[in-house]
Amino acid sequence: RVSSISTDVVVNPIPFTDLVTLIYPTSESTSVEIRLTDVTGKIIRQINKDLEIGNNEFQIDGLSNLSTGTYFIHFYDINTGTYYSQKIVK
């Protein structure tokens with residue numbers, strides 16, 4: 001259940017080549033689910049992470065084999081219900 005939309009997630013670089021870095025500040029320990037999808041909604045990569053209080057920075061790497069095009073990052077904070085989605089380009 002999504003309870004709010006987040007604007008606190010930072011995704012870079014855009015355009016990307018072989019990895020994407022995400023930064024997410026949190027005021028409490030939490031669990032998140034991150035999905036990288038193509039324009040059809042096909043999941044390219046899914047990551048589940050436990051995050052600590054503060055600025056959390058992590059990478060989705062191994063993306064050099066993806067075709068040039070448009071992709072989406074979907075970020076869901078499981079504990080708070082916060083959701084974030086962003087279009088990214090390779």
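All residue numbers refer to positions in the sequence shown, counting from 1. Not measured: the values here are computed from a predicted model.
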Please name all residues satisfying salt bridge (charged side-chain N to carboxylate O under 4.0 Å, His left out) with Glu57, sequence neighbours left out, ordered by chain then number.
none
Can you name the side chain to side chain donor-acceptor pair (under 3.5 Å) partners of Asp38, sequence neighbours left out?
Thr40
Look at the side-chain heavy atoms of Ile, Leu, Val, Met, Phe, Trp and Tyr, link any pair under 4.5 Å apart, and say whether Ile44 and Val11 land in one connected group.
yes
Apart from Phe72 itself, what residues make up its hydrophobic cluster when side-chain heavy atoms of I, L, V, M, F, W and Y under 4.5 Å apart count as a link, directly or indirectly?
Val39
Could you tell me if the side chain of Val9 sits less than 4.5 Å from the side chain of Ile73, heavy atoms only?
no
For the hydrophobic clusters of this structure (ILVMFWY residues joined by side-chain heavy atoms under 4.5 Å, transitively), does one cluster hold both Leu19 and Tyr24?
no
Phe16 vs Ile60 side-chain heavy atoms within contact, under 4.5 Å
no
Does the plane of the ring in Tyr83 sit parallel, tilted or perpendicular to the ring in Tyr76? Use 30° and 60° as the thresholds.
tilted
Mind listing the closest non-hydrogen atom pair of Ile47 and Gln59 along with its distance?
CD1-O, 4.5 Å
Distance in Å, Glu28 CD paired with Ile53 CD1, rounded so as to fall on 0.5 Å steps:
7.5 Å
Taking only residues two or more places apart in sequence or in another chain, which ones pass side chain to side chain donor-acceptor pair (under 3.5 Å) with Thr70?
none
About how many Å separate NE2 of His74 and OH of Tyr84, when rounded to the nearest 0.5 Å?
11.5 Å
With rounding to the nearest 0.5 Å, note down the distance linking CD1 in Ile23 to CG in Asn56.
10.0 Å
For Thr17, check side chain to side chain donor-acceptor pair (under 3.5 Å) against everything at least two apart and list the hits.
none
Supply the atom-to-atom distance Phe75 CZ to Leu22 CG, rounded to the nearest 0.5 angstrom.
7.0 Å
Separation between NZ (Lys49) and CD1 (Ile34), nearest 0.5 Å, reads 7.0 Å
Residue pair Glu52 / Ser29, side-chain heavy-atom distance below 4.5 Å:
yes
Partners meeting side chain to side chain donor-acceptor pair (under 3.5 Å) with Asn79 (sequence neighbours left out):
Thr30
Please tell me if the side chains of Leu51 and Phe58 come closer than 4.5 Å, counting only heavy atoms from C-beta onward.
yes
Do Leu36 and Leu63 have side chains that approach each other closer than 4.5 Å (heavy atoms only, starting at C-beta)?
yes
